[in-house]
Amino acid sequence: MRVLVVAAPLLGHVFPLMPLALALRDNGHDVVVATGGDALRVGDSGLPVEDVVPANVRFGPIALRIMVAHPLVAKREMEGSGRLEFVSRMFGTVGDAMTGPLRALAARWKPDVVLHEPLAVAGSALGVPSIVHDVSVFDGLELTRAVGARMKAEVRSPATVLRTSPRSLAEFPGGQPLRFVAYSGDGEVPQWLAEPAGRPRILVSRSTAPGPGAGRMMAAVVKAAEHVDAEFVLVRPVRAEGLPDNVKTVGWVPIPRVLPFCDGIVHHGGAGTLLGALAAGVPQLVEPGPGDRTTHAKAITRRGAGLATGPKAVTPELLTRLIEDSGLQRAAAEVRDEIAAMPAPSDIARQWDDLAPRK
């Protein structure tokens, strides 16, 4: 079967699809990934990748136009209470730009089914049966409908949805459960980071997507770090000089390979990092914010597997709690085991012929 995997042109959107895409390939299916921008890096996986995003599609100008035209929508989005008003407009615009190139690719390659993430709804505009692959702690079908309603292109309803959120974190009706397997591509891991630190280690990461205030949380952690008995590792820091002795830095690393040697992680609230930390059983401190980040922050604190706060509220006491609170550790381990019990991508790949709809 020919499977076209479609993702918006952002690493955080394509990475979660890769474990299933690779499992489908390994199970004998023909798989092509269609995306753009930085997300084209997944070609390193060995899967063929097609660029279906015009060069003039840039998130910054799109976001600015929405902010100017809909200031109240933008305000709610930045406060973390925008629901889908802003994101549907942004990704609806991106989806319309992707539709023409995707249709040309589909006419040439003739896929049997499209697998797409919820914000890449152009995948459902090709006249081919589609399956939505959830990538966050949010209802992928609701996201798909909201974005599709903003698009000029006619989109069809997906046949089903693959649910990656563990039910104790967020449960949605219908669909097929799928174990979230963290993926962040290849990359070297320094030897010192691939072994225990000898004392608690806290990883501090930030979003791969550009945006305002990207380094504020990391700066707040650095300010408090010297008063915490732990080793801090900043991933892709904005600033790497003048750091306390217990703070180290590293460039791009495959975080899933590093998490087993960490006792906590501080991050921006992105879905891939959130679910990756849960899959590793690592307590996390999440920064609420735009898009789905506030939803994620609320979900993780409600489950008891992590903490949530903004940069201004980061203190040595809070960071110490992240690595010493047995309740957080217990809940994170429970969710880890819950995720491990869900069907793996290889299981879904073996069932694909029964799961995927026919044209």
If I compare all heavy atoms of [X] with all of [Y], which pair ends up nearest, and what's the gap?
X	Y	value
Ala182	Pro256	CB-CG, 3.4 Å
Leu259	Ala280	CB-CB, 3.9 Å
Val181	Pro345	CG2-CD, 3.6 Å
Ala122	Gly95	CB-O, 3.4 Å
Pro237	Val250	CD-O, 3.7 Å
Glu287	Arg293	O-CB, 4.1 Å

Check: Among Val132, Asp134, Leu355, whose side-chain contact (heavy atoms from CB on, under 4.5 Å) with Leu162 holds?
Finding: Leu355

Checklist line | Val3 and its side-chain contact (heavy atoms from CB on, under 4.5 Å) partner, picked from Val33, Ile131, Leu115 | finding: Leu115

Between [X] and [Y], is there a shared hydrophobic cluster once you connect ILVMFWY residues whose side-chain heavy atoms come closer than 4.5 Å?
X	Y	answer
Met151	Val53	yes
Leu203	Val314	no
Leu10	Val6	yes
Phe180	Phe138	no
Leu4	Val128	yes

Notebook entry, point to check: Yes or no on side chain to side chain contact (heavy atoms under 4.5 Å, CB included) for Thr315 and Thr309, after CA distance, side-chain angles and deciding distance?
Noted result: CA-CA 10 Å; Thr315 64; Thr309 193; over 6 Å; no

Note to self: salt bridge (charged side-chain N to carboxylate O under 4.0 Å, His left out) for Glu231 and Lys248? Distances and angles first, verdict last.
What the structure shows: CA-CA 8 Å; Glu231 174 187 273; Lys248 298 181 179 180; 3.2 Å; yes

Notebook entry, point to check: Checking side chain to side chain contact (heavy atoms under 4.5 Å, CB included) for the pair Val73/Arg76: CA distance, chi angles, key distance, verdict?
Noted result: CA-CA 5 Å; Val73 169; Arg76 287 191 290 268; 3.7 Å; yes

Any donor-acceptor N/O pair, [X] side chain to [Y] backbone, under 3.5 Å:
X	Y	value
Arg163	Pro173	yes
Asn246	Ala225	yes
Asp26	Ala23	no
Arg201	Val233	no
Arg41	Leu11	no
Ser130	Gly123	no
Arg89	Glu85	yes
Ser165	Ala170	yes

Tell me, do [X] and [Y] make a side-chain contact under 4.5 Å, heavy atoms counted?
X	Y	value
Met67	Glu77	no
His267	Val286	yes
Ser346	Asn27	no
Leu278	Ile300	yes

Checklist line | Trp352 and His29 aromatic ring geometry - parallel, tilted or perpendicular at 30°/60° bounds | finding: perpendicular

Check: Checking side chain to side chain contact (heavy atoms under 4.5 Å, CB included) for the pair Glu50/Arg108: CA distance, chi angles, key distance, verdict?
Finding: CA-CA 12 Å; Glu50 293 277 348; Arg108 184 175 80 247; 3.3 Å; yes

Next item on the list: Take Phe91 and Val121 through the test side chain to side chain contact (heavy atoms under 4.5 Å, CB included) and record every step on the way to the result.
Entry: CA-CA 8 Å; Phe91 285 93; Val121 186; over 6 Å; no

Item checked: Donor-acceptor pair between His116 and Ser124 side chains, under 3.5 angstrom -> yes

Rounded to the nearest 0.5 Å, what separation is found between the [atom1] atom of [X] and the [atom2] atom of [Y]?
X	Y	atom1	atom2	result
Arg206	Arg216	CZ	CZ	13.0 Å
Thr320	Ile202	OG1	CD1	7.5 Å
Leu143	Leu119	CG	CG	5.5 Å

